[in-house]
Amino acid sequence: MKREDFYHKVYDVVSEIPPGRVTTYGAIAGYLGVRSGARMVGYALNNLISKEGENYPAHRVVNRLGQLTGRAYFPGDSMRERLEQEGVEFTEEYTVDIENHFWDPSLNLK
DNA sequence: ATTATGACCTATA
DNA sequence: CTATAGGCCATAA
């Protein structure tokens, strides 16, 4: 698998996440076929921001607990603010209501 | 080629 | 319930 393939898939999935919905690294990784490669998803997103800036809804990707683990890679609280604007509920300061807003990537290609 | 690191996840204790 | 340990795959040095 070439690097671009993996990244492209991540880009594709991320850009298909509907507003007001969130998904997890594990879900994306599993959807890509590498269940244990969840870390790579975050890595890819980090690279994505460095390369494409904030043109992709990377803020809609959280860990399986709904925590905004990547907030540090966004300027200020832009990640949390964007999610709030889209109507995502928060159970904690930096934790979204994952159970009510979860979006499974496989639902897209259904 | 080898080692270290990471926006994670799951299994055990 | 919380805490610790290991695995996992792609990248960077």
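Below, chain A is the first sequence line, B the second, and so on; all start at residue 1.
- Atom-to-atom distance recorded for A:K9:NZ and A:L32:CG is 6.5 Å, nearest 0.5 angstrom.
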Show, in sequence, the C-alpha distance, side-chain angles and deciding distance for A:S78 and A:H59, and conclude whether the side-chain contact (heavy atoms from CB on, under 4.5 Å) test is met.
CA-CA 9 Å; A:S78 59; A:H59 56 279; over 6 Å; no
For a quick check, with a 4.0 angstrom heavy-atom cut-off, what is the B/S/- contact string for nucleotides 4-10 of chain B, read 5' to 3'?
--BBBSS
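- With A:H101 contributing its side chain and A:G20 its backbone, the two residues share a donor-acceptor pair below 3.5 Å.
- Partners of A:E84 under the salt bridge (Lys or Arg N to Asp or Glu O under 4.0 Å) rule, at least two apart in sequence or in another chain, are A:R80.
- Taking atom CG of residue A:L32 and atom P of nucleotide C:dC8, one finds them 18 Å apart after rounding to whole Å.
- By the 4.5 Å side-chain criterion applied to Ile, Leu, Val, Met, Phe, Trp and Tyr, A:M79 is assigned to a cluster that also includes A:V22, A:I49, A:V62, A:L68, A:F74, A:L83, A:V88, A:F90, A:Y94, A:V96, A:I98, A:F102.
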